[in-house]
Amino acid sequence: MDDATTPPPSPDAAAAPRDPAPGPVDVDPASTDSAGTDPVSIDPMNIDPVSAKKELRRRIRAARSAALAGTEDRGADGLRDAAAPLLPRLQEIAREAGAVTISAFWPSPSEPDVLAVVALVRETVEAEGAALHVLFPAASGGEMLDWIDGDEREGAEPSAGRGFGDEPRGERAGADALSRADLVLVPALAVDRDGTRLGHGGGYYDRALPHRRPGTPVVAVVHPVELLEPGALVREAHDEPVDGVLTADGLLLLEA
């Protein structure tokens, strides 16, 4: 699920990067854009944070499209296997509460197939005799995300919000629905090992994540090459960090 292509500005768009400034991103040098440069290599020392993020988004989107051209393999099997460490906590909640709520997102054709993880969680929770509620982000018409309590098995339809891709069918749950979530799976274009997330530019998740309960883990779902070294991404004051990163190669849980 991509944030809007012409989003409202983030609340702290002019905030300075953290100190010290991070060094250049340098991953997968074999993957290049049309100019022959590394699609996720930017030196933020020589560019302002807003411009650095914009250029990284452009390069990563181009790299995703090139890598996935002619294939439908978006790592579903690997994501299912990698997500296994998330299950014991959800099983415990299922046994104690009789229901589990997670948030996910309806992936665009270039994003990892997070619905495979949702299906795994559903199998696990329902095996405990509990119900699973899945919250999917949806356009609200404003700066906040709305959420749909939906079922990944029932398909999706185009969103009324510009740039929001597809949304599942279901009941609208309101902007504060993340307060119910036991696990939050979020989209990203890249994440570094400090937990800094590069989103799609709308600032929607940075405004939504504060609604979650304290202690609820936030896990970004990206392709393996998009997990970057510590300090590779600029973190501004409004950027909400993540607690973990899930790729088809494994799950990285970050220390607080």
Side-chain angles (χ1 to χ4, degrees), residues 1-27 40-61 103 105 111 135 137-147 161 163-164 174-179 181 183-222 226-246 252-256:
M1 174 249 176
D2 288 356
D3 284 350
T5 54
T6 55
S10 298
D12 296 300
R18 55 185 172 171
D19 186 26
V25 177
D26 187 15
V27 297
V40 282
S41 182
I42 291 287
D43 185 355
M45 291 286 288
N46 299 317
I47 193 169
D48 68 272
V50 174
S51 297
K53 289 180 177 182
K54 182 177 180 179
E55 178 62 10
L56 276 172
R57 291 184 184 105
R58 183 192 70 79
R59 294 190 185 189
I60 294 171
R61 285 172 177 143
S103 83
F105 55 95
E111 288 178 312
L135 302 172
S140 68
E143 293 189 354
M144 296 297 296
L145 287 174
D146 200 352
W147 298 89
F164 271 77
D176 62 350
L178 278 192
S179 63
L183 169 68
V184 179
L185 301 174
V186 300
L189 286 167
V191 184
D192 71 20
R193 291 175 182 265
D194 287 332
T196 302
R197 168 185 171 270
L198 179 69
H200 289 281
Y204 293 104
Y205 274 88
D206 292 323
R207 291 186 285 271
L209 289 176
H211 286 286
R212 72 191 187 277
R213 296 193 309 271
T216 299
V218 177
V219 177
V221 185
V222 295
E226 295 158 0
L227 173 57
L228 310 180
E229 292 306 306
L233 296 173
V234 174
R235 185 185 299 178
E236 298 178 86
H238 64 271
D239 291 328
E240 288 282 332
V242 300
D243 304 301
V245 186
L246 179 66
L252 174 66
L253 295 178
L254 304 169
E255 295 183 2

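Treat the numbers as computed from the prediction; the structure is a model and nothing was measured. Residues: numbered from 1 along the sequence shown.
Asp243 places no side-chain N or O within donor-acceptor distance of the main-chain N or O of Val219, the cut-off being under 3.5 Å. Side chain of Arg235 to backbone of Arg197: no donor-acceptor contact under 3.5 angstrom is found. Here the side chain of Asp194 pairs no donor or acceptor atom with the backbone of Thr196 at under 3.5 angstrom. Of the possible donor and acceptor atoms, one in the side chain of Asp239 sits under 3.5 Å from a partner among the backbone N and O of Glu236. A donor-acceptor distance shorter than 3.5 angstrom exists from the side chain of Arg213 to the backbone of Ser179, with no hydrogens or angles considered. Here the side chain of Arg59 pairs no donor or acceptor atom with the backbone of Leu56 at under 3.5 angstrom.
The distance from the CD atom of Glu226 to the CG atom of Leu233 is 11.0 Å, given to the nearest 0.5 Å. For the atom pair CG of Leu183 and CZ of Arg212, the computed distance is 11.5 Å after rounding to the nearest 0.5 Å. Of the inter-residue distances, the one linking Asp146 atom CG with Met144 atom CE reads 9.5 Å to the nearest 0.5 angstrom. Taking CZ of Arg193 as the start and CG of Leu227 as the end, the distance is 4.5 Å to the nearest 0.5 Å.
If you check the side chains of Arg61 and His200, you find a donor sitting under 3.5 Å from an acceptor.
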Query - Leu252 and Val191: CA distance, side-chain angles, deciding distance, side-chain contact (heavy atoms from CB on, under 4.5 Å) verdict - result: CA-CA 11 Å; Leu252 174 66; Val191 184; over 6 Å; no

Report task. Tell me, with the steps shown, if Ile60 and Leu198 meet side-chain contact (heavy atoms from CB on, under 4.5 Å). Result -> CA-CA 10 Å; Ile60 294 171; Leu198 179 69; 3.9 Å; yes

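Ala208 and Leu145 get closest at one heavy-atom pair: CB-CD1, 4.2 Å. Heavy atoms only, all atoms of each residue included: Val221 and Phe105 are closest at CB-CZ, 4.1 Å. Nearest approach of Ala232 to Asp192, heavy atoms of both residues: N-OD2, 3.3 Å. Considering every non-hydrogen atom in both Pro49 and Val234, the closest pair reads CB-CG1, 3.8 Å. Here the closest non-hydrogen pair linking Leu189 and Arg57 is CD1-CG, 3.5 Å. In terms of heavy atoms, Pro210 sits closest to Glu240 at CG-OE2, 3.5 Å.
With Tyr205 as the aromatic partner, Arg207 does not meet the cation-pi criteria of under 6.0 angstrom to the ring centre and within 45 degrees of the ring axis.
Counting heavy atoms from C-beta outward, Pro137 and Tyr204 have side chains that stay 4.5 Å or more apart.
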